Trainee: 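For reference, the structure I am asking about is given below.
None of these values were measured; they are calculated from a predicted model.
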Amino acid sequence: MSNSKLTSPARKLFVRQLGECKLNDPSSNSSTQPYILPLNGRTVEIQIVWLQGTVAEIGDNYDNFVLDDTTGTALIDLKNAKKILKATTLKSGAYVMVIGSIQANKSRPTVKAIKVTNLSDKQMLYEPMWNLEVIDIQKHYCK
């Protein structure tokens, strides 16, 4: 992953919004190019996403899991970070935060994880606030 991605802010999104993201230059083969998201009349550049939701399913080889945030589902790719899943002892039903980069944008978007944090111990605090946080940041950032 390029350093430019790591210096960009993580954009708080709903999973359904991943489906609205498009490559900035679809003809380019660069894996480091940003995605863009039309939002509130503006175009927002997306390098890194921040998602929160429930682990719906864990892959047999611990190389991925499905995240459900009630707006949709995304495949979270852990192929280069299997230790993340094992270290956080995630189970189906756990409430998690995922930070990563968009890898594919198909019927089920795929995000390559950089960080996964299990928030289940404070789910009653984090889960209800998440929708409000995403709406608030997008409302104020994208005027």
Trainee: Please check if the side chain of T71 supplies one atom and the backbone of R16 the other of a donor-acceptor pair under 3.5 Å.
Mentor: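 Yes, because the side chain of T71 sits within donor-acceptor range (under 3.5 Å) of the backbone of R16.
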Trainee: Please find the pair of heavy atoms, one from P109 and one from G19, that lie closest to each other, and give the distance.
Mentor: CG-N, 4.3 Å
Trainee: How about W50 and V134: do any of their side-chain heavy atoms sit closer than 4.5 Å?
Mentor: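 When only atoms from C-beta onward are counted, V134 and W50 do not touch, as no gap falls below 4.5 Å.
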Trainee: Closest heavy-atom contact between L37 and E20?
Mentor: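 Scanning both residues, the minimum pair turns out to be CD1-CB, 3.6 Å.
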Trainee: What pair of heavy atoms forms the shortest contact from Q52 to Y95, and how long is it?
Mentor: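 Taking every non-hydrogen atom into account, NE2-OH, 3.1 Å.
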Trainee: Below 4.5 Å, heavy atoms only, C-beta onward: do L18 and V111 meet side chain to side chain?
Mentor: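 Counting from C-beta outward, L18 and V111 do come under 4.5 Å.
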Trainee: If we count only N and O atoms by modelled type, under 3.5 Å, do the side chains of T43 and E45 hold a donor and an acceptor together?
Mentor: no
Trainee: Which pair of non-hydrogen atoms, one from A10 and one from I99, has the smallest distance, and what is that distance?
Mentor: CB-CG2, 4.3 Å
Trainee: Answer yes if the side chains of Q138 and Q17 hold a donor-acceptor pair under 3.5 Å, and no otherwise.
Mentor: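 A pair is found: one side chain offers a donor N or O, the other an acceptor, under 3.5 Å apart.
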Trainee: With side chains defined as the heavy atoms from C-beta onward, is the minimum distance between R108 and V66 less than 4.5 Å?
Mentor: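 They are in side-chain contact.
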Trainee: Using modelled atom types only, decide if a donor and an acceptor are shared between the side chain of D69 and the backbone of F14 within a distance under 3.5 Å.
Mentor: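 Absent.
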Trainee: Given F65, which of D77, V96, L75 fulfils the side-chain contact (heavy atoms from CB on, under 4.5 Å) condition?
Mentor: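 Of all the options given, the one that passes is V96.
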